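Values below: every heavy atom of this structure, side chains too, minus hydrogens, waters and symmetry copies. Reminder, nothing fancy here: chain letters follow the sequence lines and each chain counts from 1. The structure presented is a predicted model; accordingly, all values stated were derived computationally and were not measured.
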Amino acid sequence: MPPRRDDRIILHFDYDCFYASVFEVENPSLKGVPLAVQQKQIVATCNYEARRRGLQKLQLVTEAKKTCPEVVTVLGEDLTKFRDASKELFQYLRSFSWNERVERLGLDEVFMDVSDIIAYNMGLLNYNDLRTAFFNMSRSDPTVGFSFDASVPAGHTFPEQVLPLAEDEEQHWSDPVFIQLRLRLHLASHLAQHLRLLVEKEKGYTSTVGVSTSKLLSKLAGNVHKPSAGTTLMPPYADDLQDDAGIEREKSNVRLFLSNYEVGLIPGIGHKMAHALRSFTLGREAAQSVELNYHKPSESVTVSEILKHPDANPIAFERLLSGHGAQRGIGTRVWQLLNGCDDSDVSQARDVPRGISIEDSYQKLEKLEDVHDELLRLTCSLVKRMRVDLVTDIEPRILDRVSHQKNEPQQRRWLARPKTVRLSTRDRFSSATNTEGERSWARTSRSCPLPSFIFDLGQSVPSIAEQFVTGTLENLFRKLHPDRFCLSLINVGVTDMDNEIDIRRGRDISTMFKTQNDRLSGWRIDTEIPQAMEKTSINGKSMERSDTMELYGSEEDMRLSQSSTKEVESLWQDEDEVDTLDDVDCTLCEAKLPAFAMAAHLRFHRLDS
DNA sequence: CGGGGCAATT
DNA sequence: AATTGCC
Ligand SMILES: Nc1ccn([C@H]2C[C@H](O)[C@@H](COP(=O)(O)OP(=O)(O)OP(=O)(O)O)O2)c(=O)n1
Ligand SMILES: [Mn+2]
């Protein structure tokens with residue numbers, strides 16, 4: 001049995017019917033009516049009023065209208081609005097984090113590792129008066145927070161029945177592990193509820209929140225009660241619980257929770273692996289659902305049914321699942337997931353995405369001329385998005401001085417430079433692999449280095465796009481389709497983001513890594529705080545500060561120690577103040593110039609086209 | 001005739 | 001370059 005480590009507390013937020021909610025926030029009169037967000041011929045999502053009337057997510061529009069003729073449909077093919085709303089909500093939630101371990105999954109889900117906040121508040125908890133507790137959301141300002149009843153969790157729980165802590169005292173207070181985990185989950189459920197209601201009140205979005213000790217369990221817990229609610233997975237989490245006399249006690253709620261889950265609903269187990277696991281369990285090929293709505297397999301197999309199989313073990317899973325692009329160690333990973341174990345970290349927020357791509361789909365695209373036009377369209381929006389997402393408006397000081405001298409308009413600067421461009425297409429009649437009747441979904445792609453004129457901020461978007469299409473993309477396209485083609489999809493993307501900071505000269509890269517690692521080890525210490533504080537709080541002592549926190553001179557130092565690359569960059573600029581004579585890099589080419597020459601150099605670029 | 005887009009892995 | 005996974 002894989003070991004559990006339940007020392008973390010993780011919240012999972014999932015905004016309700018996200019795309020639909022964006023439209024409702026924008027236009028509240030849509031709130032009462034059944035609303036479907038349409039992308040081409042599919043209902044990407046629909047609001048809960050529509051679901052009440054039988055609509056489903058990812059349904060064909062024709063079916064949806066059959067089910068509910070009154071449905072109002074809005075077009076959601078342009079994701080800009082959703083991306084913007086997603087960013088805003090993400091930034092809002094992130095502002096409550098102390099450790100920056102806040103991870104976005106897709107546009108509408110956010111994981112938050114709040115172990116440190118919970119540990120801090122465990123330390124402040126008065127065990128003799130759980131019912132009138134105060135939750136501190138700031139370490140520096142003790143008035144920021146909310147009152148709550150720590151003897152019960154907020155919102156829903158799994159299982160549903162929970163006695164207030166004070167009332168089953170004799171049964172549980174003697175078990176420090178149990179009581180400590182339970183109290184932490186109580187606190188976390190109140191924090192989750194508080195944040196969920198704040199997001200609703202301040203931003204207008206309802207969401208579902210799950211509370212547990214891993215990404216896996218918090219996400220699944222949230223699913224139990226769906227629109228606008230919170231659910232906490234209650235302890236005990238460990239199984240084979242025995243007391244000193246060796247008498248078995250309650251069964252693990254994790255196991256109780258997972259055992260009847262359909263395997264395909266476990267995040268991390270997609271269609272392919274779910275099918276393999278079903279077939280493995282049944283001893284034969286599991287029935288395949290060729291439905292559009294492949295959420296429900298025509299033959300469902302639960303977690304407990306799989307684990308009952310005599311050959312269910314990590315080695316067998318590895319053999320079963322490895323091969324098709326799955327990672328090594330997938331057998332162990334899946335085995336752990338099915339047993340409710342997930343030690344994956346909530347990653348720190350990236351300030352910049354790893355890649356950006358734009359795509360569109362078509363009934364058919366056969367003429368080279370049309371392809372050119374579409375490439376141009378896609379490239380224009382790609383370049384625009386790059387300029388929004390990858391360019392900082394905040395002037396680095398060193399350039400600021402230059403533009404000041406020359407009375408230049410505000411300079412903008414690339415936060416990151418993708419190194420590669422990739423063109424992918426989907427051809428309807430691709431020669432490959434199609435058993436008759438089935439469509440080909442196979443994409444093919446070609447990539448090459450991204451030319452640097454893409455980064456020229458002085459040139460207009462359409463002019464860059466035209467240059468890019470004729471000079472780069474059409475070459476890639478000829479590689480993909482030397483002769484006839486009939487495309488149903490084109491995707492243009494840039495990848496291999498290189499943080500601008502990484503390619504800044506002067507200092508060498510190893511120096512930079514060292515700097516970053518120093519900062520990283522800063523918050524690695526931070527992650528140990530919960531442990532240290534838990535121990536002391538079990539003993540009934542209340543601490544104002546953990547010893548490890550003394551490593552930081554102040555809250556401000558703390559923030560710096562977890563700094564994003566943006567902040568790192570600003571640190572460097574401070575250093576640059578000292579040795580002003582260092583050359584700086586041109587943002588448009590590889591040139592290295594004295595700072596005072598940069599403005600003229602940039603004008604040279606503008607004339608360059 | 002099922003959309004648009006991200007990340008990890010090999 | 002292709003697969004798989006996630007939303
Ligand atoms: N295969 C998918 C899955 C999701 N989405 C989009 C539409 C959703 O609005 C958004 C979030 O996905 P969810 O699965 O969380 O669905 P919703 O938020 O719409 O609904 P729910 O209330 O069930 O969370 O991502 C999509 O376009 N295609
Ligand atoms: Mn959602």
Side-chain angles (χ1 to χ4, degrees), chain A residues 12-15 17-19 36-45 56-64 75-83 86 90 103-111 215-216 219 223 264-276 290-295 321-330 333-334 337 344 347 350 352-364 378 381-382 385 389 420 422-426 428-430 432-433 437-448 476 479-480 486 488-497:
Chain A
H12 174 259
F13 293 85
D14 183 335
Y15 314 131
C17 54
F18 182 57
Y19 291 3
V37 178
Q38 178 177 0
Q39 290 174 323
K40 299 290 155 68
Q41 292 307 307
I42 202 175
V43 172
T45 192
Q56 290 171 263
K57 291 191 279 189
L58 305 181
Q59 212 173 18
L60 285 176
V61 171
T62 54
E63 289 177 31
L75 225 56
E77 287 160 19
D78 182 352
L79 304 189
T80 308
K81 275 197 287 193
F82 313 136
R83 222 166 12 235
S86 173
F90 178 69
E103 181 181 342
R104 207 160 49 138
L105 182 54
L107 291 182
D108 90 322
E109 292 184 32
V110 175
F111 291 97
K215 294 210 283 186
L216 171 74
K219 174 164 176 163
N223 279 339
L265 296 179
I266 307 286
I269 301 180
H271 310 117
K272 304 275 184 175
M273 289 199 291
H275 179 71
V290 194
E291 306 276 323
L292 291 174
N293 228 345
Y294 50 57
H295 290 151
L321 303 172
S322 65
H324 349 266
Q327 62 242 59
R328 269 191 311 269
I330 187 65
R333 167 86 179 142
V334 167
L337 289 177
S344 63
S347 65
R350 275 184 69 94
V352 145
R354 212 169 281 280
I356 295 175
S357 72
I358 305 276
E359 72 188 46
D360 203 345
S361 60
Y362 316 89
Q363 299 92 357
K364 57 174 188 176
L378 295 173
S381 36
L382 181 64
R385 262 198 72 196
D389 291 351
T420 312
R422 182 171 56 234
L423 175 68
S424 359
T425 59
R426 191 177 65 197
R428 278 173 198 289
F429 311 120
S430 76
T433 63
E438 268 182 55
R439 286 193 306 278
S440 164
W441 289 104
R443 291 182 185 200
T444 51
S445 68
R446 293 291 184 274
S447 44
C448 71
L476 292 177
K479 281 197 218 169
L480 281 169
C486 177
S488 61
L489 176 141
I490 299 180
N491 177 302
V492 184
V494 292
T495 57
D496 296 332
M497 262 7 155

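Take A:F111 and apply the ring-ring contact (aromatic ring centres under 6.0 Å, His included) test, not counting sequence neighbours, and it matches A:H12. With sequence neighbours left out, the side-chain contact (heavy atoms from CB on, under 4.5 Å) criterion links A:R354 to A:R350.
Phosphate contact (OP1/OP2 of B:dG4, side-chain N/O of A:K40, threshold under 4.0 Å): present. One finds a side-chain N or O of A:R385 lying less than 4.0 angstrom from the OP1 or OP2 phosphate oxygen of B:dC6. Taking side-chain N and O atoms only, A:S424 has no distance below 4.0 Å to OP1 or OP2 of C:dA1.
Of the possible donor and acceptor atoms, one in the side chain of A:Q59 sits under 3.5 Å from a partner among the backbone N and O of A:Q56.
When distances run from any side-chain atom of A:I42 to the nucleotides C:dT4, B:dG2, B:dG5, the shortest one goes to B:dG2. When distances are taken from the side chain of A:I356 to each of B:dC6, C:dA1, B:dG4, the shortest belongs to B:dC6. Here the nucleotide nearest the side chain of A:R354, chosen from C:dC6, C:dA2, B:dA7, is B:dA7. Proximity note for A:S447 (side chain, C-beta onward) versus B:dG4, C:dA1, C:dG5: the nearest is C:dA1. Among B:dG4, C:dC6, C:dA1, the nucleotide with an atom closest to any side-chain atom of A:R446 is C:dA1. Distance from the side chain of A:K219 is smallest to C:dC6 among B:dG4, C:dC6, B:dA8. Picking from C:dG5, B:dG5, C:dC6 the nucleotide with the shortest atom distance to the side chain of A:M273 gives C:dG5.
One can place CZ of A:R426 at 13 Å from P of B:dG5, the figure rounded to the nearest angstrom. In this structure, A:K364 atom NZ and B:dC1 atom C1' are separated by 14 Å, rounded to whole Å. Taking atom CZ of A:R428 as the reference point, atom C1' of B:dC1 lies 6 Å away to the nearest angstrom. Rounded to an integer number of Å, the gap from CD of A:E109 to C1' of C:dG5 is 13 Å. Atom pair A:F111:CZ and B:dA7:C1' shows a separation of 14 Å (rounding to whole Å applied).
Among the protein residues, A:N491 comes within range of no part of the nucleic acid, since none of its heavy atoms lies under 4.0 Å from any strand. Within 4.0 Å (heavy atoms only), A:I269 reaches sugar-phosphate atoms of the nucleic acid but no base atom. Residue-level contact check: A:L107 touches neither bases nor backbone, having no heavy atom under 4.0 Å from any strand. At the heavy-atom level, A:I266 lies under 4.0 Å from the strands shown only through sugar-phosphate atoms. A:E77 comes within contact range of the sugar-phosphate backbone alone, with a heavy-atom separation under 4.0 Å but no base atom that close. A:G268 comes within 4.0 angstrom of sugar-phosphate atoms only, judged by non-hydrogen atoms across all strands, and of no base.
Between A:L423 and A:R446 there is no side-chain heavy-atom pair separated by less than 4.5 Å. Considering only heavy atoms from C-beta on, A:K219 comes within 4.5 Å of A:L105 through its side chain.
For the pair A:S357 and A:Y19, both in contact range of DNA chain B, the more 5′-proximal nearest nucleotide belongs to A:Y19. Map A:S361 and A:G355 each onto its nearest nucleotide of DNA chain B; the residue landing nearer the 5' end is A:S361.
Contact check on A:R443 versus A:E359 returns a salt bridge, with a Lys/Arg side-chain nitrogen under 4.0 Å from an Asp/Glu carboxylate oxygen.
Surrounding NZ of A:K81 are more than 12 heavy atoms belonging to other residues, nucleotides or ligands, all under 6.0 Å away.
Residues A:T495 and A:R422 bring no donor and acceptor atom of their side chains to less than 3.5 Å of each other.
Side-chain atoms of A:R104 stay outside donor-acceptor range of the base of B:dC6, with no qualifying N/O pair under 3.5 Å.
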What would the secondary structure line of DNA chain B be in dot-bracket form, counting Watson-Crick and G-U wobble pairs under 3.5 Å, with [ ] for pairs that cross earlier ones and | for pairs with another strand?
...|||||||

